[in-house]
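Worksheet: one structure, shown below.
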Amino acid sequence: MTVKTLDEFGFRTQSSSPKAAIASSQSHQEYRVVKKEEKWEKSVLEVEFPKNLPESCILSVTYEGEKRAACLKLYEPKSKRIYFWYDNTGHLPYCLSNLSINELEKNISLKNHPGLDHLEPVKKFDPISDKEVNMTKIIAKDPLSIGGRPSGSIRDLIPKAWEAHIRYHHNYIYDRQLFVGMPYKIVNGNLVSVNYSPPQDIRLTMEKLFENESEEFRGYIDSWVNLFQCPIPSIRRVALDIEVYQSVSTRIPDPEEAKEQVIAASLVDSDGLERVLILRRKDVREGGTKVPFHVKLEYCDDERQILREIFKALIEYPIVLTFNGDDFDLRYLYHRAENLGYKKEEIPISLGNEFALLNYGVHVDLYKFFFNRSIQVYAFSQKYTEFSLNEIAASILGVGKVTLDLSVSELTYTQLAEYCHRDSEITLKLTTFGDELLMKLIMVLVRVSRMPMEDLTRQGVSGWIRNLMYFEHRRLNYLIPLSEDILETKGQVASTAIIKGKKFKGAIVVEPKPGFHFNIAVLDFASLYPSIIKVYNLSYETILCPHPECRSNTIPDLPHWVCRRKKGLSSLLIGSLRDMRVRWYKQKAKDKSLPESLRNLYNVVQLTLKVLLNASYGVMGAEAFELYCPPLAEAVTAIGRYSITKTIEKANSLNINVVYGDTDSIFLDSPTQRQIDDLVQWSEKELGMELEIDKFYRYAVFSKLKKNYLGVYPDGSVDIKGLSGKKRHMPEFLKSAFMEMVKTLGEVKSPNDFDQAKVKIQAIVRTCYTKLKNKEYPLSSLALNMMISKPPSRYTKTTPQHVKAAELLTKAGHEIKAGDIISFVKTTNGQGVKPLQLASINEIDVDKYVEYLESTFEQVLDAVGISMDEIMGITKLESFFFH
DNA sequence: GCGGACTGCTTACCT
DNA sequence: ACAGGTAAGCAGTCCGCG
């Protein structure tokens with residue numbers, strides 16, 4: 001029997017899937033896993049099914065096509081295994097119509113639809129009109145009948161269908177109000193929630209912290225505390241990586257064709273087992289490196305043996321980790337197995353167009369998760385800037401991939417083993433470092449977003465927030481609105497963006513006061529936009545609400561008004577999450593009096609909230625977001641502009657000199673503690689916003705440019721924002737010269753020290769200049785490294801320099817794909833650029849590099865009263881004499 | 001036929 | 001497929017010019 005089909009995901013359907021014999025909840029055997037050795041040979045898993053299951057955690061919810069039922073994947077921590085539970089409540093897919101049953105019954109094609117089960121009247125609360133509405137629930141036998149078929153789906157047969165776009169397995173979670181990531185039991189075949197209650201001291205602290213909030217708001221806080229405090233089980237898992245023979249070394253093997261042999265695979269698990277499977281081949285060179293002692297090297301004469309061992313792991317481990325397994329490893333294995341004569345039901349993988357899922361456990365593709373911008377920026381503070389396993393592992397773990405001089409096909413067995421092993425070793429480590437930070441982050445995100453782990457790790461933050469909001473709609477029996485209806489009733493934006501092509505006005509950037517300023521205090525609003533959403537009751541249903549009496553409750557700078565009668569959903573959700581982070585988790589994460597493990601946990605929650613909160617405003621202004629509401633997004637930024645403007649006015653009235661500010665921050669020149677306190681109190685009282693000291697600089701340097709400055713902390717470390725010398729694409733020689741200058745500026749303690757610094761900086765520039773002129777820098781340090789964001793052929797409007805270089809590379813036989821970093825140098829001949837790989841030192845355009853040197857240093861030096869022209873004048877003169 | 005003024009494209013950054 | 005605002009460098013176009 002099959003485990004599930006993936007129609008629900010909108011996948012290309014595999015007609016059948018591997019034979020994981022799983023009894024239904026009606027089964028009466030004891031729960032235990034039976035591995036039959038003879039079955040293993042076919043990679044077939046047999047599980048006798050639990051009628052009872054001790055406390056287990058829901059990792060995932062899917063739809064099982066053959067059983068026509070939702071299926072839960074539960075992780076039981078003692079046996080460290082996954083158990084399935086199928087819905088036994090008779091839950092069916094449905095959508096909603098505003099037509100009555102009578103009206104719908106006149107619709108012949110609906111009435112005769114083979115997938116139609118029955119019709120049912122329901123009352124829903126419509127948040128847009130703020131009224132109860134009568135609707136009809138159209139209940140179907142299977143999800144595809146509602147929607148998803150190219151034609152003839154129920155949702156296409158009626159004039160307007162609500163909630164028909166929601167994936168069935170998500171819908172099931174909402175209707176059952178399932179807490180994914182939380183503990184449940186199976187008792188007599190039924191799913192039973194295990195109640196968790198946080199320790200009393202935490203409950204009391206929360207009560208105290210939020211005693212002034214409404215009961216409604218406190219309700220949200222309570223439910224979050226449960227989710228965040230409930231212990232997270234450590235989940236048994238394995239990292240998988242395969243190597244494929246390459247006939248042409250620059251060509252990546254095609255996973256759809258899977259023509260070449262799988263020559264190696266490694267499986268590194270969380271219990272310390274590390275295996276490498278190596279295919280014996282002809283003509284493999286002898287020798288090579290030593291593979292670490294603890295790694296189990298297994299030579300296989302037949303490629304099928306390798307696949308069999310991998311498939312065994314795929315039906316054994318609750319979580320399988322890969323790096324790009326969706327697009328490569330699992331896809332390749334699937335088609336390779338087919339090519340080798342495996343039947344579909346013998347392969348424990350289900351392929352979709354974009355995903356590769358497992359029939360037993362949960363496949364987490366770490367590439368997808370790390371690629372998520374929110375994770376990159378907010379959870380890892382931009383620690384990694386490229387998305388290769390090597391880059392990510394090197395910057396997070398300090399260990400990268402094994403570097404190869406040859407292609408994998410040319411390696412000796414042990415070299416190949418070492419290479420392959422390292423990949424899965426670091427893949428696993430990405431989930432174990434920092435006390436399993438990443439797994440915990442995923443689990444907490446699963447809990448907050450109420451989303452299955454497979455979906456969560458593959459979707460963007462807008463998907464998470466949508467799911468969270470939908471879940472809440474269902475809890476309150478709110479009709480989930482159609483995006484088009486929000487847009488129609490909430491109309492157009494009222495502000496104009498400064499940038500062409502943008503939809504509405506954004507934040508204010510204060511004109512910096514050029515020069516250096518000693519003793520700078522930087523104040524900012526704690527989570528400005530989420531605070532605004534909370535304090536101003538912003539939500540798609542409260543902005544421009546239908547009540548005449550609310551029209552006077554307007555937003556500064558805009559004609560929009562906000563509801564007075566009712567609290568907005570997103571205001572409550574985002575507001576409560578914001579408060580949890582600011583008032584509790586952020587502080588606890590820093591509390592040195594707590595044991596490290598606890599602090600760690602608080603940090604995970606804090607980071608999770610950061611990710612969600614930072615995106616909460618952005619999604620409201622993103623067309624692809626299902627609850628997209630432009631007037632709401634522009635209201636947030638308008639109130640933001642109002643807040644910072646009023647705060648600057650107040651600061652000025654307190655005689656504080658504001659030298660710079662951006663969106664939610666203000667830079668104050670030598671304020672007294674008293675002045676700061678006054679300002680903070682004023683903000684709390686007049687704006688209802690928490691203004692706090694973010695950082696303090698011994699001195700800061702501003703040019704006339706916005707978003708460009710340098711701040712020196714009291715300990716001499718330097719904060720650099722926006723300056724060219726720090727930008728990723730700048731050549732290495734320039735970045736290191738720039739950093740030398742920065743270090744010199746870090747030593748400046750008082751205005752008088754600039755004279756001394758000037759002498760040192762002059763020397764730095766001189767050295768750099770002479771080395772350039774004498775071509776003493778290695779070619780690679782002269783290379784600009786720029787990302788190519790789309791394939792070279794898609795640049796139709798202009799051909800930027802890095803694309804020219806990419807074209808030259810393509811001609812030379814390299815494959816260039818979107819996201820690649822193109823390294824190129826400036827040359828005097830040809831098109832003015834050449835890819836690093838094809839250039840030589842004597843065609844370098846030295847003058848161009850001198851220009852870069854000048855402009856980069858100028859950004860900082862002009863502001864501290866050091867003239868770059870003067871330095872360059874002297875430098876050029878000197879170098880003239882030296883020649 | 002050429003150079004300056006201008007606009008637009010692209011990337012990288014800030015909040 | 002979270003937003004808008006800013007900067008640098010370059011590509012491409014237009015216009016004037018005996």
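Labels below follow one simple rule: chain letters A, B, ... track the order of the sequence lines, proteins then strands, and each chain is numbered from 1. Heavy atoms only: backbone and side chains are in, while hydrogens, waters and symmetry mates are out.
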Would you indicate, yes or no, if [N] has its OP1 or OP2 atom less than 4.0 angstrom from a side-chain nitrogen or oxygen of [X]?
X        : N     : result
A/Lys706 : C/dA8 : no
A/Lys500 : C/dG4 : no
A/Gln859 : C/dA7 : no

Is it true that [X] and [Y] have a side-chain N and a carboxylate O under 4.0 angstrom from each other?
X        : Y        : value
A/Glu843 : A/Lys834 : yes
A/Lys695 : A/Asp524 : no
A/Glu851 : A/Lys848 : yes
A/Glu649 : A/Lys646 : yes

What nucleic acid atoms does [X] come within less than 4.0 Å of, heavy atoms only: base, sugar-phosphate, or nothing?
X        : result
A/Phe504 : sugar-phosphate
A/Ser616 : nothing
A/Ile499 : base
A/Ala622 : sugar-phosphate
A/Gly506 : sugar-phosphate

Q | Single hit among A/Tyr699, A/Phe696, A/Tyr709 for ring-ring contact (aromatic ring centres under 6.0 Å, His included) with A/Phe667 | A | A/Tyr709
Gap between atoms [atom1] and [atom2], on [X] and [N] respectively (whole Å):
X        : N     : atom1 : atom2 : result
A/Arg641 : C/dA3 : CZ    : C1'   : 13 Å
A/Phe625 : C/dA1 : CZ    : P     : 13 Å
A/Leu784 : C/dA8 : CG    : C1'   : 12 Å
A/Leu632 : C/dC2 : CG    : C1'   : 13 Å
A/Met730 : C/dA8 : CE    : P     : 10 Å
A/Leu538 : C/dA3 : CG    : P     : 18 Å
A/Lys368 : C/dA1 : NZ    : C1'   : 14 Å
A/Glu854 : C/dG9 : CD    : P     : 11 Å

Q. Does the ring center of A/Phe380 lie less than 6.0 Å from the ring center of A/Phe370?
A. yes
Q) A/Tyr367 and A/Phe387: ring pair (Phe, Tyr, Trp, His ring centres under 6.0 Å), yes or no, with the steps? A) CA-CA 7 Å; A/Tyr367 170 72; A/Phe387 303 101; 7.2 Å; no
So, [X] side chain and [Y] main chain: donor-acceptor pair closer than 3.5 Å or not?
X        : Y        : result
A/Ser449 : A/Asn467 : no
A/Ser683 : A/Leu679 : no
A/Ser571 : A/Lys534 : yes

Q: Measure from the side-chain heavy atoms of A/Lys804 and tell me the nearest of C/dA11, C/dG5, C/dG9.
A: C/dA11
Q. Quick one: NZ on A/Lys500 to NZ on A/Lys502, what's the gap to the nearest 0.5 Å?
A. 14.0 Å
Q) Regarding A/Lys790 and the six-membered ring of A/Tyr795, is the cationic atom NZ or CZ under 6.0 Å from the ring centre and inside 45° of its axis? A) yes
Q | Protein proximity profile, nucleotides 9-15 of chain B - base contact B, sugar-phosphate-only contact S, no contact -, cut-off 4.0 Å on heavy atoms | A | SSSBSBS
Q | Where protein sits on nucleotides 1-6 of chain B, one letter per nucleotide: B base, S sugar-phosphate only, - none, heavy atoms under 4.0 Å | A | ------
Q.
Once pairs are restricted to Watson-Crick or G-U wobble with both distances under 3.5 Å, how does DNA chain C read as a dot-bracket string, [ ] for crossings and | for other-strand pairs?
A. ..|||||||||||||||.
